[in-house]
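Below: the structure, in structure tokens.
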Amino acid sequence: MPRRVASPWASTRRMLCVLAVAFLATATAQAFLAASTTEWWPGVLAVTFTAAAGWCLATALTSADSR
């Protein structure tokens, strides 16, 4: 009898959560950089990384329900 292959969703969700944490850490660093300088682009990067982290978390949570 063949062995059942595990669903890839668990590893995909885990990777998306790891990416979300990495994006949030980078966004935090960019926010501190934006606060300490007069440049405008670190703020834009912080917002972009925060949005990417939100997308990763939302995808990880919705992929759990789609099984």
Side-chain angles (χ1 to χ4, degrees):
M1 175 168 261
R3 225 174 18 161
R4 187 173 181 186
V5 177
S7 174
W9 287 113
S11 62
T12 303
R13 285 188 304 236
R14 190 175 305 115
M15 182 55 72
L16 286 170
C17 290
V18 168
L19 278 174
V21 169
F23 282 142
L24 283 176
T26 306
T28 303
Q30 291 296 326
F32 282 126
L33 182 63
S36 65
T37 64
T38 58
E39 297 291 327
W40 58 269
W41 58 268
V44 173
L45 285 177
V47 170
T48 304
F49 283 128
T50 303
W55 180 85
C56 286
L57 284 177
T59 303
L61 292 176
T62 57
S63 68
D65 297 333
S66 65
R67 277 183 7 131

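Side chains are part of it too, since the values below use all heavy atoms of this structure and drop only hydrogens, waters and symmetry mates.
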Exercise answer: donor-acceptor pairs, residues 17-32 side-chain atoms, under 3.5 Å, sequence neighbours excluded:
residue: Thr26; atom: OG1; partner: Ala22; partner atom: O; Å: 2.9
residue: Thr28; atom: OG1; partner: Leu24; partner atom: O; Å: 2.8

Considering only distance and modelled atom types, tabulate donor-acceptor pairs under 3.5 Å from the side chains of residues 44-53, sequence neighbours left out.
residue: Thr48; atom: OG1; partner: Val44; partner atom: O; Å: 2.8
residue: Thr50; atom: OG1; partner: Ala46; partner atom: O; Å: 2.7

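Cys56 SG to Leu61 CG: the interatomic distance, rounded to the nearest 0.5 Å, is 11.0 Å.
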